[in-house]
A.B. asks: 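This is the structure I want to talk about, given as C-alpha cells.
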Amino acid sequence: MDAGMNTSTHLKAQARCPLQEHFLPRKNSKENLDRFIPNRSAMDFDYAHFALTEGNKGKDQTDQVSSPSREAYRKQLAETMNLNHTRILAFRNKPQAPLDLLPTDHSASSLHHQPKSVKPRRYIPQTSERTLDAPDIVDDFYLNLLDWGSANVLAIALGHTVYLWDASTGSTSELVTVDEEKGLVTSINWAPDGRHVAVGLNNSEVQLWDSGSNRQLRTLKGCHQSRVGSLAWNNHILTTGGMDGQIVSNDVRIRSHIVETYSGHTQEVCGLKWSGSGQQLASGGNDNVVHVWDRSVASSNSTTQWLHRLEEHTSAVKALAWCPFQANLLATGGGGGDRTIKFWNTHTGACLNSVDTGSQVCSLLWSKNERELLSSHGFTQNQLTLWKYPSMVKMAELTGHTSRVLYMAQSPDGCTVASAAGDETLRFWNVFGAPETAKKAAPKAVHEPFSHVNRIR
C-alpha cells in the first residue's frame with residue numbers, strides 16, 4: 001500500500017513539474033491531406049449550379065441525336081467555353097496566375113511614374129511557439145509575477161517559489177522558496193544588470209537576490225504595511241508599491257534604504273513603471289487612478305506630490321507602458337469595468353486617445369522595433385491583441401490561453417513575448433518579428449546596482 005501511494009505521489013509530482021514543455025502536434029503543411037475537404041476558392045459555383053440543375057437535360061438531348069460531327073463540335077465548344085468540367089467539387093487550390101514579365105503600358109509616363117515600393121506585411125504566427133507548465137501560479141489581477149531580464153533569463157513566481165528559465169539553453173532552476181509564514185510571492189522584477197532580482201512578498205518585505213550565486217543579499221523592511229504587489233527598478237533605485245497605497249523608492253546601496261515616498265493612491269498599487277529616461281514614474285491603482293510622478297521634484301524629507309493625477313479610467317489600472325519611440329507618451333489599460341486603452345501626454349496630462357477593447361486589459365507592451373502595441377486580456381477570449389499605432393487597427397489576435405492573460409514579459413531583443421495566465425501555462429509568442437539584422441550599436445554600459453558594495457548586511 002505504501003509503495004503504491006509513493007508511486008502515485010511521485011507521478012503526480014512529476015506531472016506538476018514546473019516549466020516543462022508541452023509537445024503539441026503541429027501540421028507540417030497548410031493543406032490537411034488526410035481529409036477530403038472541398039476548397040471553395042478553387043470552385044466555379046456558377047458552373048456547379050448549372051451542372052446540378054440543367055446539365056443532365058442537355059446531355060440527354062445530345063444523346064438522342066448524336067453524330068460524330070456533332071459530338072466533335074460539342075467537345076470543341078466546351079473546350080473553348082471552359083465547360084469541360086468533370087467535377088463539381090475542387091480539392092486543390094487554383095494554379096497561380098502567370099506573372100507579367102513585361103508591363104502592359106509601355107508609355108513614357110509609366111516609366112517615369114513608377115509606384116513606390118510597399119513594405120511587405122510581416123507574418124505574425126497565430127499560435128504560440130512554445131508552451132510551458134506553470135502550476136500553482138496565482139490567479140490575481142493585482143500581482144506581477146513574471147519578468148524577463150537583460151541576461152535572457154525569465155523569472156516566474158509559482159506559489160511560494162521563484163523559478164528561473166534560461167531562454168538561451170532552455171534550462172530551469174529554482175531561485176528561492178519562501179517560508180510559508182511569510183506568505184506567497186507577490187511580485188518579481190529584474191534589475192537592469194540582469195543578474196539581481198527583487199522579490200516582493202505577502203508579508204510586506206522585499207528580498208534582493210543574486211541569481212548568479214543563488215544568494216540572498218538583503219531584505220528591505222519597513223516600506224509597507226501589507227503585501228508588495230508591484231516593483232520597478234531605476235538603476236540602483238528600487239521602487240515598491242503596496243496594498244497600503246504607498247509607493248517607496250529604495251536605494252539598495254545604503255543601509256537606510258528609503259529615499260523617497262509617494263502618496264496619492266487610496267487603494268492597492270498594482271502597476272509601476274519608470275520611463276525610459278528614468279525621470280518620470282507612472283503608477284496605477286485599484287482606486288482607478290493613474291499618477292505620474294517627476295523624480296526631479298521628489299523629496300526624501302516629505303511626501304512627493306504627483307505631477308499629474310489621471311482619473312478617466314473606471315476600473316483598476318494595472319497595465320502601464322511607456323512608449324520607446326516617443327517621449328512623454330504613456331499607455332494605460334483598465335480592468336474589467338473599464339476595458340479601455342488610453343494614451344497620455346505626460347508633459348501636459350492630456351488624454352490623446354481612448355480605445356474600447358471589449359475586455360479586461362491585464363498588460364501592455366510596446367514593440368521595440370515597430371510602432372505597435374500588444375495588449376493581453378481576460379474574459380471572453382483571453383487573447384493577446386496586436387495594435388498598429390497610432391491608428392489602433394488590430395493587426396492580430398492571438399488565442400490559446402483558456403483563462404485571463406494576467407502577465408506578459410518581453411525578451412531582451414524585443415521580438416518574443418512570454419505570457420502567463422490563470423490556466424497555469426506559460427506561452428511564448430513570436431509576435432514582434434525577427435531580430436534586426438542591421439549593424440547593431442555598441443551596447444550601453446549598464447550600471448550594476450550592487451557594484452559599490454562588497455556585502456550588504
A.B. asks: Taking only residues two or more places apart in sequence or in another chain, which ones pass ring-ring contact (aromatic ring centres under 6.0 Å, His included) with Y163?
C.D. replies: none
A.B. asks: Hey, does the side chain of T186 reach the backbone of V228 with a donor-acceptor pair shorter than 3.5 angstrom?
C.D. replies: yes
A.B. asks: Tell me, do W293 and I247 make a side-chain contact under 4.5 Å, heavy atoms counted?
C.D. replies: yes
A.B. asks: Salt bridge or not for D251 and R253, using N-O below 4.0 Å?
C.D. replies: yes
A.B. asks: Only pairs at least two apart or in different chains count here, so list each ring pair (Phe, Tyr, Trp, His ring centres under 6.0 Å) that has a residue in residues 385-409.
C.D. replies: F343-Y389, W366-Y389
A.B. asks: Among V162, D147, I137, V185, exactly one meets side chain to side chain contact (heavy atoms under 4.5 Å, CB included) together with I156. Which residue is that?
C.D. replies: I137
A.B. asks: By side-chain hydrogen bond (donor to acceptor under 3.5 Å, both in side chains), which residues pair with N430, not counting sequence neighbours?
C.D. replies: none
A.B. asks: With ring pair (Phe, Tyr, Trp, His ring centres under 6.0 Å) as the rule and sequence neighbours excluded, what pairs involving residues 120-154 come up?
C.D. replies: W148-F428
A.B. asks: Between the side chains of D423 and R404, is the shortest nitrogen-to-carboxylate-oxygen separation below 4.0 Å, so that they form an ion pair?
C.D. replies: no
A.B. asks: Can you see which heavy atom on S150 is nearest to which on P192, and at what distance?
C.D. replies: OG-O, 3.0 Å
A.B. asks: Who passes ring-ring contact (aromatic ring centres under 6.0 Å, His included) against W429, sequence neighbours left out?
C.D. replies: none
A.B. asks: Other residues, nucleotides and ligands only: do more than 12 of their heavy atoms fall within 6.0 Å of CZ on F325?
C.D. replies: yes
A.B. asks: Please tabulate, for side-chain N and O atoms in residues 348-356, each donor-acceptor pair with protein atoms closer than 3.5 Å (sequence neighbours left out).
C.D. replies:
from: T348; atom 1: OG1; to: A350; atom 2: N; distance (Å): 3.3
from: S354; atom 1: OG; to: K342; atom 2: NZ; distance (Å): 2.8
from: D356; atom 1: OD1; to: G358; atom 2: N; distance (Å): 3.0

A.B. asks: Name the residue from D140, N202, D244 that meets the side chain to side chain donor-acceptor pair (under 3.5 Å) definition with R227.
C.D. replies: D140
A.B. asks: Out of V417, L154, T416, which one pairs with S411 under the side chain to side chain contact (heavy atoms under 4.5 Å, CB included) rule?
C.D. replies: T416
A.B. asks: Hey, is R309 close enough to E311 for a salt bridge, meaning N to O under 4.0 Å?
C.D. replies: yes
